[in-house]
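Start at 1 with the first residue, then count along the sequence. The basis for the numbers below is simple: all heavy atoms, side chains too, and nothing from hydrogens, waters or symmetry mates.
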Amino acid sequence: MIEVRDVRLALDGDLKTACAKKLRVPVGDVLEAALLRRSVDARRKDDVHFTVTAAVSLRRGEEKFSPYTPWTPPRVEVLKKKPALRPVVCGAGPAGLFAALTLARAGADPILLERGSAVDERKADVEKFYQTRALDTESNIQFGEGGAGAFSDGKLNTGTHDKRGRQVLHDLVQAGAPDEILWQAKPHIGTDRLPDAVKGLREMILAHSGEVRFRTKLTDIELSGEALRAVRLAHSGAEEALEADSLILAAGHSARELFALLKERGAQLEQKAFSMGVRCEHPQEVISRAQYGAFAAHPALGAADYRLAVHLPDGRGVYTFCMCPGGYVVGAASEEGLLCVNGMSPFARDGQNANAAVLCEVRPSDFGSADPLAGVELQRTWERAAFLAGGGDYRAPAQRLGDFLAGKPSESAGSVAPTYPLGVRFGTLDGCLPEFVLAALREAFPLFDKKLRGYAMPDAVLTGVETRSSSPVRIVRGETGQSNLRGVYPCGEGAGYAGGILSAAVDGIRTRWQELWYITLPCIKPQLMFSAIMSITSSFTIGDQITMLVGFPSPNYAAHTIMHHLQDYGSTRFEMGYACAIATVLFLLMVVCNTLIQKFLRKVGN
């Protein structure tokens with residue numbers, strides 16, 4: 001097969017016909033065409049179409065074109081000897097799930113800890129919160145199997161170009177995600193389908209002898225000097241000390257108690273810029289019409305999305321984030337007396353409204369303190385203000401966009417009905433966010449309207465506040481992937497090294513390989529050395545199997561190895577001097593190869 005790029009495909013077009021036109025061959029010569037990637041080209045509103053990359057099989061002439069190389073999964077080396085202590089992974093979000101899966105496939109039998117519930121029970125916990133306003137601080141939108149991403153749009157697009165991202169997509173499909181994510185330019189799973197994929201990943205971990213513990217919270221870490229010795233866990237009111245020398249910290253950006261624990265135990269933390277703002281809701285029809293023009297209702301397109309950003313004169317950036325076409329605003333609180341929001345949408349993206357976070361950059365210089373956890377306290381301050389502005393019962397403060405820009409309170413909704421499930425309290429968002437954030441948002445909305453017509457519509461609903469787009473803390477790690485506490489490996493969003501499902505999953509895979517290289521493999525280095533030397537020595541002395549198959553000597557010496565050469569001159573022709581020379585060369589080759597292997601294995605763990 002060949003790979004064909006930049007194929008123009010009409011919304012109702014036939015893929016084979018479009019590929020034939022691109023290749024300038026008869027349609028009958030195209031035997032097969034499969035999508036590899038598809039994106040929407042809506043630069044001209046009167047000519048909206050797809051741009052695709054396809055794998056094509058031709059009847060003849062494939063040698064004239066670039067060959068198609070199908071994706072192959074990376075080879076996972078299974079450990080010949082299991083580590084003395086099972087590695088522990090903390091957090092069952094994307095980073096933790098894929099970290100545990102990578103370890104499990106390598107035969108390391110990881111233990112995956114999650115403070116929240118399994119995804120089905122977690123859905124019930126969230127629904128109970130919406131109905132009763134009784135927040136479960138351990139199992140909610142932020143905490144539980146699947147992480148915060150399990151209650152979002154399930155977007156998988158990312159700025160990272162790590163090849164392991166492809167592995168993540170294939171694993172998700174194997175776990176139950178729709179096949180479309182393999183070829184969509186902006187892949188998404190949807191909140192309704194993501195839980196099944198999360199359960200599938202869990203089953204894959206268990207199938208490879210991993211262990212998953214829910215409602216199990218990491219409460220402390222025990223150190224010997226600056227090296228990990230054990231982790232302390234709490235489950236159903238009982239405490240447990242689990243001996244461990246490797247801990248993957250894959251907690252989410254809301255694991256504030258964990259950040260405080262790490263600070264107390266001497267881990268190196270640093271402040272990190274993050275963002276704060278609001279959720280902005282528009283009618284999905286307005287967004288689709290602005291993006292696709294007369295093609296907005298075409299069934300092949302679905303609900304349109306957008307991504308907007310501006311740099312203001314004072315240097316701050318304002319941008320949209322986690323845009324959810326046909327979606328809903330959700331309650332994302334994880335602490336009592338605090339309020340924050342997020343967005344989600346189902347796979348079909350068929351809701352009436354579109355929503356996105358509109359965020360302003362918040363720098364460490366805005367934190368008001370040099371404490372590494374000052375950003376967390378800043379988040380809490382404004383989440384508490386939003387909770388009180390909403391009435392103190394988890395209703396969210398809301399304001400119509402036109403009133404927000406005019407600086408006056410809103411009394412009720414206009415043509416756009418808010419979707420926040422716990423209800424909203426209309427008024428003003430002043431007092432719910434820092435003044436510099438409010439000023440930046442007021443300056444940005446008219447600029448967004450110039451980029452996307454209708455964006456600043458007066459009846460659009462702003463719901464506050466969105467503060468958890470990323471972590472305000474970074475757990476510093478070195479080249480080995482470890483923090484200054486040896487054996488502790490921070491990764492994912494909570495550690496400050498990723499943003500989004502796909503990048504967090506890739507970071508989790510990367511961290512697992514770092515642990516294999518720096519901890520697990522060094523533990524079995526003697527066994528690796530013995531196996532390598534024996535295998536190389538056996539390879540050079542191969543001969544008996546060939547003799548059994550083709551005889552000695554083989555016809556026309558076609559299967560003559562160096563051992564047959566030695567046997568021929570030493571045992572048949574009795575030219576002992578030449579035979580000794582062959583044996584000496586063979587011995588030197590073995591020594592050189594074994595020396596190279598030893599030199600390589602010495603690098604393991606360095």
Q) Should Glu270 and Lys272 be marked as a salt bridge (Lys or Arg N to Asp or Glu O under 4.0 Å) after you check the CA-CA gap, both sets of side-chain angles, and the distance that decides it? A) CA-CA 6 Å; Glu270 64 182 21; Lys272 173 181 160 293; over 6 Å; no
State, without any angle test, whether [X] and [Y] hold a side-chain donor-acceptor pair at a distance under 3.5 Å.
X      : Y      : value
Ser415 : Asp459 : yes
Gln184 : Arg37  : no
Ser254 : Gln142 : yes
Asn342 : Arg279 : yes
Ser334 : Arg256 : no
Glu383 : Thr467 : yes
Gln268 : Asn484 : no
Tyr328 : Tyr420 : no

Measuring from atom [atom1] of [X] to atom [atom2] of [Y], what distance do you get when rounded to the nearest 0.5 angstrom?
X      : Y      : atom1 : atom2 : result
Ser469 : Met276 : OG    : CE    : 9.5 Å
Phe98  : Asp171 : CZ    : CG    : 5.0 Å
Thr428 : Leu438 : OG1   : CG    : 8.0 Å
Asp136 : Phe143 : CG    : CZ    : 10.5 Å
Arg115 : Phe214 : CZ    : CZ    : 14.5 Å
Glu466 : Gln379 : CD    : CD    : 11.0 Å

Q: Under the side-chain contact (heavy atoms from CB on, under 4.5 Å) rule, what do Leu401 and Val461 come out as? Steps first, then yes or no, please.
A: CA-CA 6 Å; Leu401 178 53; Val461 175; over 6 Å; no
Q) Would the Tyr455 and Tyr306 ring centres measure less than 6.0 Å apart? A)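 Yes, they do, as the ring centres are separated by less than 6.0 Å.
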Q: Check whether the ring centres of His188 and Phe347 lie less than 6.0 Å apart, and answer yes or no.
A: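 That pair passes the under 6.0 Å test.
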Would you call [X] and [Y] a salt bridge, using N to O less than 4.0 angstrom?
X      : Y      : result
Glu180 : Arg193 : no
Asp196 : Lys199 : yes
Glu127 : Lys123 : no
Glu145 : Arg202 : yes
Asp305 : Lys186 : yes

Q: Using the ring of Phe436 (Phe, Tyr or Trp, six-membered ring only), decide whether Arg316 places NZ or CZ under 6.0 Å from its centre and within 45 degrees of its axis.
A: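 Yes, Arg316 lies over the aromatic ring of Phe436.
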Q.
Tell me whether the NZ or CZ atom of Arg307 lies within the 45° cone about the ring axis of Tyr319 and under 6.0 Å from its centre.
A.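 No, cation not above the ring by the 6.0 Å, 45° rule.
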Q | Audit row: Phe274, Phe367, ring pair (Phe, Tyr, Trp, His ring centres under 6.0 Å) steps and yes/no | A | CA-CA 11 Å; Phe274 69 106; Phe367 293 0; 5.7 Å; yes
Q. For Glu443, which of Val310, Leu312, Asp314 qualifies under side-chain contact (heavy atoms from CB on, under 4.5 Å)?
A.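 Going through the options one by one, the only one that passes is Leu312.
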Checking the side chain of [X] only, and the main-chain atoms of [Y] only, is there a donor and an acceptor separated by less than 3.5 Å?
X      : Y      : answer
Asp366 : Arg363 : yes
Arg122 : Asn140 : yes
Gln399 : Leu429 : yes
Gln482 : Pro490 : no
Tyr394 : Gly337 : yes
Arg425 : Arg395 : no
Glu114 : Lys217 : no
His170 : Val168 : no
Asn355 : Met323 : no

Q) Would Val358 and Phe445 satisfy side-chain contact (heavy atoms from CB on, under 4.5 Å), going step by step from the backbone distance to the final call? A) CA-CA 9 Å; Val358 182; Phe445 276 113; 4.0 Å; yes
(Q) Please determine whether side-chain contact (heavy atoms from CB on, under 4.5 Å) holds for the pair Leu269 and Leu373, giving the CA-CA distance in whole Å, both sets of side-chain angles, and the decisive distance to 0.1 Å. (A) CA-CA 8 Å; Leu269 308 178; Leu373 301 184; 4.1 Å; yes
Neighbour count >12 (heavy atoms, 6.0 Å) for atom [atom1], [X]:
X      : atom1 : result
Arg133 : CZ    : yes
Lys45  : NZ    : yes
His298 : NE2   : yes

Considering all heavy atoms, the nearest [X]-[Y] contact:
X      : Y      : value
Ala150 : Thr191 : O-CG2, 3.7 Å
Gly277 : Leu441 : CA-CD1, 4.4 Å
Leu359 : Ser275 : CB-CB, 3.7 Å
Pro178 : Val173 : O-CG2, 3.8 Å
Asp403 : Ser410 : OD2-OG, 2.6 Å
Ala267 : Leu485 : CB-CD1, 3.8 Å

**Q.** Under the side-chain hydrogen bond (donor to acceptor under 3.5 Å, both in side chains) test, residues paired with Arg380 that sit two or more places apart
**A.**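 Checked Arg380 against side-chain hydrogen bond (donor to acceptor under 3.5 Å, both in side chains); matches are Glu335, Glu377.
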**Q.** With sequence neighbours excluded, residues passing side-chain hydrogen bond (donor to acceptor under 3.5 Å, both in side chains) with Ser117
**A.**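 With sequence neighbours excluded, Ser117 shows a side-chain hydrogen bond (donor to acceptor under 3.5 Å, both in side chains) to Asp125, Ser139, Arg215, given in chain and number order.
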Q: Decide yes or no on salt bridge (Lys or Arg N to Asp or Glu O under 4.0 Å) for Asp430 and Arg442, but give the supporting numbers first.
A: CA-CA 11 Å; Asp430 291 358; Arg442 287 189 168 106; 2.9 Å; yes
Q) What's the verdict on side-chain contact (heavy atoms from CB on, under 4.5 Å) for Val40 and Thr51, showing C-alpha distance, side-chain angles and the deciding distance? A) CA-CA 6 Å; Val40 178; Thr51 299; over 6 Å; no
